[in-house]
Structure formats: C-alpha cells, structure tokens
2 protein chains.
Amino acid sequence: MPAVKRGGKGPVTIDDVAASAGVSIKTVSRVLNHEPNVREATRARVRQAVEQLNYRPNPSARSLAGNRADIIGLAYDNPSDSYITNVLHGALGACQEFDYSLLLNPCDYRDPCLPQQITQLIENRRLAGLILTPPVSDVAELLRVLDQLEITYVSIAPIDRERPGLYVVMNDRAGARDMTLHLIELGHRRIGFVKGHPDHGASHHRFQGYCDALRQSGIAITDELVVQGMFSFESGLECGERLLCLTTRPTAVFASNDDMAAGILHLAHQRGIRVPEELSIVGYDDTPLSRVVWPSLTTLRQPIQEMARAAVEQLVAILRPNHAGLKAHAPHETLRYELVVRQSACPPPAGARRPPRDDA
Amino acid sequence: MPAVKRGGKGPVTIDDVAASAGVSIKTVSRVLNHEPNVREATRARVRQAVEQLNYRPNPSARSLAGNRADIIGLAYDNPSDSYITNVLHGALGACQEFDYSLLLNPCDYRDPCLPQQITQLIENRRLAGLILTPPVSDVAELLRVLDQLEITYVSIAPIDRERPGLYVVMNDRAGARDMTLHLIELGHRRIGFVKGHPDHGASHHRFQGYCDALRQSGIAITDELVVQGMFSFESGLECGERLLCLTTRPTAVFASNDDMAAGILHLAHQRGIRVPEELSIVGYDDTPLSRVVWPSLTTLRQPIQEMARAAVEQLVAILRPNHAGLKAHAPHETLRYELVVRQSACPPPAGARRPPRDDA
DNA sequence: CTTATTGATGACAGCGCTGTCAAATAAATC
DNA sequence: GATTTATTTGACAGCGCTGTCATCAATAAG
C-alpha cells in the first residue's frame with residue numbers, strides 16, 4: 001500500500017510515526033539510527049509505522065540536532081569530462097548507499113588560496129569528509145592544512161603513497177609497464193613515450209612503468225624518445241611534432257593518456273603517416289575518446305568509478321566506524337586495471353630488430 | 001584581517017555575531033536575509049561583525065527554522081560526459097551565487113518508475129526546485145506528475161515549447177538550418193542527414209532545420225539521404241554504412257551530433273574515403289571530441305553552461321521572487337548558438353552542380 | 001502637545017530531530 | 001521474594017536559526 005496521506009499538514013514527522021507506533025519519538029529515533037537497546041518487537045512496530053506513513057527523516061533537523069555532518073565534499077580540478085563523470089557516479093552511488101550527500105567543489109589546483117578556500121568550504125558546509133582527485137590530491141600545502149584541520153579525507157591516485165592517511169590508487173606503474181611490454185611483444189624496440197603533466201601523480205608512475213618494461217627487456221632508455229606532455233590534446237600535438245621529426249622515428253608511441261595519444265594520432269594523420277601500419281600509438285585511461293578516434297586506441301582501462309566508490313567507503317569506514325555492512329578497510333586500496341587492445345597498435349613495419357615472439 | 005578565533009567552542013553562531021555587533025540575533029538574521037527595516041548604520045555594523053568573525057549561517061538550522069528548501073535537484077540521464085559536465089558547471093555556478101545546493105540525480109528516463117522516484121526525491125530531500133535535462137525533460141508522465149505536485153521545475157531543451165512552465169532552449173532548428181546552409185554555400189547539393197535519438201527533443205528540431213535549409217535553397221529532400229541515428233558513436237557507424245553505400249554517395253553528411261559525426265568519420269577512414277576532400281562531415285554540439293578527431297569537426301556550439309545557468313536563474317526568480325539583483329525572467333529563454341568551422345567540411349569534389357558563390 | 005502612523009528592534013517560541021539522563025521494566029543474583 | 005544489575009523506554013532540553021508579534025523610537029498628523 002502506498003503512502004497514507006494524513007490531514008494535509010505537510011510532511012510526515014517523527015511525532016506521527018511515534019504516535020502511530022505507540023512509542024516515544026526517541027524510540028523511533030533509535031530505530032532509525034540503528035541504535036542498540038530496542039526490543040525487536042518494538043523495532044518492527046516502528047519500522048512498520050515508518051513504512052506505512054512513508055516517513056523520511058528531515059536531514060536538516062538531523063544534522064542540526066545531532067551536530068553531525070552528512071556531506072562529503074569532492075574537490076576536483078577537472079582533468080577531463082569523462083574522468084569527472086566517472087568519479088562523480090562512483091562517489092554518488094556510494095554516498096547514496098551510506099546516506100551521505102555529495103557536494104561538488106570544482107577548483108583550481110594552482111590557486112595559492114586553495115587551502116583556504118577548502119577550509120572555508122569545510123567549515124561553512126560542515127563537511128564530514130573530503131575526497132580529493134588528482135591533481136588536487138597532490139597539492140602539498142592543502143594536504144598539510146587538511147591534516148592540521150583533522151578532517152577525514154581520501155586522496156584518489158596521489159603521487160606519494162608513503163604518507164599516512166587514506167587513499168585509493170591504481171597500480172599505474174605496473175599498468176604502464178604492461179602497456180609497454182605489449183608494444184615490445186608486438187616487436188617494437190624504438191618506443192616513444194609522452195610524459196603526462198608533471199603535477200599529476202600518475203605521470204611519474206607511468207613513466208617509471210615505461211622504464212621498467214624497457215629495462216627488463218634489455219632495451220636502452222633513449223632521451224630523445226621521451227618527451228614532456230601536459231595530458232592535453234594540444235600537448236599531444238606538440239610532442240608528436242618532436243617525436244615524429246626525429247631522424248629515426250619511433251615505431252610506436254606510448255602517450256600516457258588518451259588525449260595526448262589522440263593528439264599524436266591527429267598529427268600523424270596530418271603528416272600522412274599511416275597508423276598503425278607505420279606508427280603504433282597507444283594511450284592510457286580508456287576514455288570514450290579512445291573508441292571514437294580512428295583507428296581506435298589501444299589503451300588501459302582504469303576503474304575510476306570503483307576507485308571513487310572505494311574512496312567513499314574508506315571515508316565512511318572512518319566516519320561511522322561501526323556502520324553495519326562495512327568491513328574494516330585498509331587505509332589504502334589498490335584497484336585493478338585492464339589492458340584494452342584495439343586497433344592503433346600492430347607490429348612495426350619492416351625494420352623492427354626482432355620479430356614478435358611466436359612461442360604462443 | 002583573517003578570521004578571529006574565539007575560545008575554541010566550535011563554529012561561530014549567530015549569537016556571537018549579535019553580541020559582537022551589539023544587536024539582537026533577529027536583527028542579524030534580518031541583515032543576512034536582506035530583509036527591509038534595518039537602519040543602514042545597523043546593517044553595516046552587523047555586516048562588519050559577520051566579516052570579522054567570519055561567520056557563516058548554518059544551512060541546516062536555516063532550512064529547519066525557515067521551513068525553506070534550498071536544494072535544487074538536477075535530474076539527468078547522461079547524454080554524454082561533456083554535456084553533463086557543462087550542465088553541471090553552469091548550474092553549480094549559479095547555485096553558488098544564489099546560495100542553493102545542487103543535488104545530482106542520475107536517472108533512467110525509460111524507467112516507468114521515474115515519476116515515482118523523482119517524487120520520492122523531492123519529498124525526501126525537500127527540494128526547492130528541479131532542473132530537467134533532455135531526454136528527461138520530455139518524459140510526459142513525469143511532467144504531468146511534477147505539475148500536479150506543484151513543484152517548480154525548469155526543462156532544458158524540451159521538445160514541446162508550447163506547454164506552460166519554465167524552460168530554457170536554444171534555437172536548434174535555426175542552428176541546424178545554418179549548418180545546412182553552410183554546407184550548401186560550400187557547394188554541396190547532396191547532403192546526407194543523420195537524425196538523432198527520437199526521444200530527444202533536439203532531434204526533431206534539428207531535422208526541421210535541415211529541411212528548412214534545403215527547401216529555402218530549392219533542393220529536394222531525398223528520403224534515402226535521411227537516416228535515423230541514436231546520438232551514439234555506434235549509431236553513427238551504422239548510419240554511415242547506409243549513407244556511404246548509396247549508389248550516388250552524398251558529398252556531405254550532417255550528423256545531428258558530434259558523436260555520430262565521429263562515427264561516420266571513423267567509418268570513412270576505414271573505407272579509405274578522404275575527409276573532407278571526398279566527403280564533408282559536420283556535427284553538432286561542439287563536444288571536446290570534435291576538436292580531437294581528425295580532421296577536426298565543423299560543428300555548432302551550444303551554450304550549455306549558459307543554459308544551465310539560465311535554468312537556475314529561472315528557478316530562483318520563481319522561488320525567491322524578490323531576490324535582489326535578479327531581473328524578472330521571462331518563463332522561457334532562448335540562447336544563442338555559434339557555428340564553429342573547422343576542417344571536416346570543404347567544397348565538394350568535382351561533380352558539384354554549382355560552385356560556391358564567390359560574391360564575398 | 002497629544003495621538004496616530006510608520007519604521008526599527010527585540011523577546012520568544014518552535015522547526016524536527018538527537019543527546020543526556022532519569023525512569024520503568026525485565027533479567028539475574030542471592 | 002527481595003535485591004542488584006542489565007535492558008528498554010521516555011521526558012526534556014536544545015542544536016542555530018527564522019517567524020510572529022510585541023515593543024519602542026521616530027516621524028506625521030491633528
């Protein structure tokens with residue numbers, strides 16, 4: 001049976017429920033908050049009344065009376081639309097589940113006032129916790145202030161994985177290594193690498209992974225093959241310029257994100273270089289873009305939604321330590337990636353030093 | 001001077017401000033809410049105290065005491081990441097300005113329970129108003145329920161522009177017409193059109209605009225040149241298939257959004273059809289994608305952020321009729337578009353019936 | 001100067017809920 | 001059965017603010 005309408009006096013309050021269940025409002029409150037020391041029979045009666053009246057507690061009253069915060073902030077400096085959307089949906093889902101609201105806070109990570117702004121935000125909106133996405137998750141001064149404020153926060157994919165505090169990461173280094181190995185398996189030896197924005201933690205780790213792969217395959221790391229990008233399409237264009245003008249062009253380029261890979265691809269088209277026949281290009285992130293460009297990009301999928309969800313869970317585990325159904329979380333969580341092989345990489349043309357292994 | 005810390009007793013309350021300014025809390029409240037009947041001198045004194053103590057009213061207390069809602073809901077069924085991000089940022093900015101919170105509600109516009117869900121949301125979270133993005137803005141049953149609920153809502157880009165109620169639109173029809181005319185000016189006569197998802201209002205209007213342009217240029221509308229897409233990249237692929245297999249291929253294709261244009265472009269590449277030399281392709285929306293594919297897409301920029309902002313303003317104009325600094329809004333608002341000419345369209349190869357006008 | 005009228009201010013209740021603490025009841029102990 | 005102890009329940013204050021209404025000062029009218 002749907003909601004029973006009472007005499008048109010606005011929303012159902014806790015008093016109505018209490019009256020209907022024949023208990024005091026305090027008892028209703030207890031049931032609602034999963035507090036102990038309520039007899040099972042009473043609990044059931046209350047729950048039924050809640051159901052029947054379609055009662056929902058007033059969040060304002062709750063947070064006022066309980067002096068508790070039920071808003072989680074999400075501070076981000078838009079790295080890309082799809083990244084944000086994914087983080088958003090992951091976080092939103094988890095927040096709903098745990099009965100938190102999510103407050104978005106777009107910001108500029110280079111703004112020297114950022115720590116101050118965030119502090120304001122936390123105080124003004126009485127945030128319970130905060131989620132930081134890269135590159136905000138790497139603003140040292142902000143982290144310092146946050147620590148000092150003693151607010152609970154989780155960083156998503158921070159550079160520094162040694163510092164205490166909550167974070168959720170993906171193994172970027174291993175991912176980049178695997179991607180590079182994929183290229184090497186295809187037979188490439190001369191593999192260009194486009195580094196990401198130096199302020200983004202992932203850039204570091206991805207470059208390391210690239211080095212790891214070359215090293216373990218006995219390939220020298222050549223300076224001219226490594227260029228500094230900024231994670232943007234335009235920077236991909238520029239880096240492509242440098243890489244493709246080399247006297248001996250690389251046979252493959254690993255751009256450390258899809259936007260830059262798209263830039264290089266774009267440039268290759270302009271130059272009439274056929275991809276992947278003459279040049280393999282791979283990206284990283286598996287953004288929607290990577291399926292859409294031609295040829296579609298071989299890339300690496302990051303579980304962004306899952307990371308955001310895990311971030312919320314980390315937070316909730318701290319904020320409501322005895323929350324039902326939430327296991328003890330390690331303060332750090334590492335999620336899995338997945339290599340997505342599409343069409344932008346193939347074995348190198350003629351001059352490849354060594355053919356791909358065919359022991360498979 | 002930065003915030004003055006008081007004796008560590010938690011956040012600053014209205015009482016502190018009242019004491020500091022030497023007035024009653026009610027007067028402070030008046031100033032805060034821009035109510036009349038406060039002497040200018042008093043007002044200034046209060047404002048100074050607020051400033052000095054860095055006081056921010058507690059939103060929970062406010063909405064509880066004032067029995068007022070200060071949350072605006074945003075119901076969307078993700079048409080695309082960039083669309084959402086833009087709507088989000090536009091709405092977020094305006095909400096901040098007017099002191100509202102924005103509550104995101106991703107949903108499935110085909111879910112028959114949608115009206116019910118939204119109703120729940122409105123009641124549970126005590127929403128002040130609601131913003132609907134396409135295609136949610138066209139779910140008839142939902143609109144009916146909303147009207148009945150007497151909640152204030154704005155539709156962004158709804159199909160039906162005759163029905164009463166608030167909405168913000170762009171002139172899709174004129175935009176599509178202009179785009180088609182652009183192609184015609186380039187010399188194209190045989191122009192393919194890829195319709196958008198039939199449930200999205202824009203699809204209709206854009207097709208109308210295409211027809212308008214052909215008609216006014218004295219070109220017949222050919223059935224085989226008009227194919228039904230779904231606004232997705234994949235559907236672009238399929239539609240491209242149909243269009244490019246025609247015995248007489250169109251010299252240009254107007255896809256009614258960028259994703260589909262990218263699909264056709266992708267396919268053209270696969271088929272070895274050179275774009276734009278052999279085939280011009282234009283899109284619609286100016287998504288980030290359109291700059292990134294090769295060749296970059298000639299497209300049409302929609303002021304999505306501005307539309308979202310306008311939507312919030314519409315809402316606020318109704319919700320707080322005497323809000324300072326907000327002019328009376330017409331219940332409908334139409335924003336401007338902009339043709340973005342990039343590289344994916346040029347004059348047709350040889351057989352174009354008429355060369356482009358060169359009276360310019 | 002008195003009285004009506006308006007403008008400026010404050011006292012106080014109460015929004016719907018939770019925290020505290022006391023009361024009532026049930027269970028365990030002697 | 002009486003007493004102690006644990007469990008369950010409720011009365012009540014109060015979170016920080018706004019709405020109502022009374023008060024008081026300032027100005028206009030008689």
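Below, chains carry the letters A, B, ... as their sequence lines are ordered, and counting in each starts from 1.
Not one side-chain nitrogen or oxygen of A:Thr42 sits closer than 4.0 Å to the OP1 or OP2 atom of D:dT8. At the phosphate of C:dC15, neither OP1 nor OP2 sits under 4.0 Å from any side-chain N or O atom of A:Asn58.
What separates CZ of A:Arg56 from P of C:dC17 is a distance of 12 Å, to the nearest Å. Between the CG atom of A:Asn33 and the P atom of C:dG16 there is a distance of 17 Å, given to the nearest Å. As rounded to whole Å, 15 Å separates atom P of C:dG16 from atom CG of B:Asn124. If you take CG of A:Asp99 and P of C:dC17, they are 14 Å apart, rounded to a whole angstrom. C:dC15 atom P lies 19 Å from atom CD1 of B:Ile14, rounded to whole Å. Here the P atom of nucleotide C:dG10 and the CG atom of B:Asp15 are 13 Å apart, to the nearest Å. One atom, CG of B:Asn37, and another, C1' of C:dT5, lie 13 Å apart when rounded to the nearest Å. As a whole-Å value, the separation of B:Glu40 CD from C:dA8 P is 10 Å.
Side chain of B:Ser24, nearest nucleotide from C:dA11, C:dC17, D:dT18: C:dA11. Closest to the A:Ile25 side chain, of the nucleotides C:dT18, D:dG10, D:dG19, is C:dT18.
Ranked by how close their nearest DNA chain C nucleotide is to the 5' end, B:Pro36 and A:Arg30 are led by B:Pro36. Projected onto DNA chain D by closest heavy-atom contact, B:Ser29 and A:Thr27 fall at different nucleotides, the more 5' of which corresponds to A:Thr27.
Taking the side chain as every heavy atom from C-beta outward, B:Tyr55 and B:Asp16 never approach each other to under 4.5 Å. Within the 4.5 Å cutoff, side-chain heavy atoms of B:Leu104 are placed close to those of A:Leu104.
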Worked verdict on B:Tyr167 versus B:Asp160 for side-chain hydrogen bond (donor to acceptor under 3.5 Å, both in side chains): CA-CA 10 Å; B:Tyr167 63 74; B:Asp160 184 358; over 6 Å; no
Stepwise salt bridge (Lys or Arg N to Asp or Glu O under 4.0 Å) check, B:Arg309 with B:Glu306: CA-CA 5 Å; B:Arg309 158 168 285 278; B:Glu306 290 83 345; over 6 Å; no
Verdict with reasoning, A:Tyr153 to A:Asp147, per side-chain hydrogen bond (donor to acceptor under 3.5 Å, both in side chains): CA-CA 9 Å; A:Tyr153 68 92; A:Asp147 283 332; 3.0 Å; yes
Check against side-chain hydrogen bond (donor to acceptor under 3.5 Å, both in side chains), B:Asn33 and B:Arg62: CA-CA 11 Å; B:Asn33 293 289; B:Arg62 256 184 153 170; 3.2 Å; yes
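Of the residues in residues 59-72 of chain A, those placing a heavy atom less than 4.0 Å from an atom of DNA chain D are A:Leu64, A:Ala65, in numerical order.
For the atom pair CD1 of A:Ile131 and CE of A:Met307, the computed distance is 11.5 Å after rounding to the nearest 0.5 Å.
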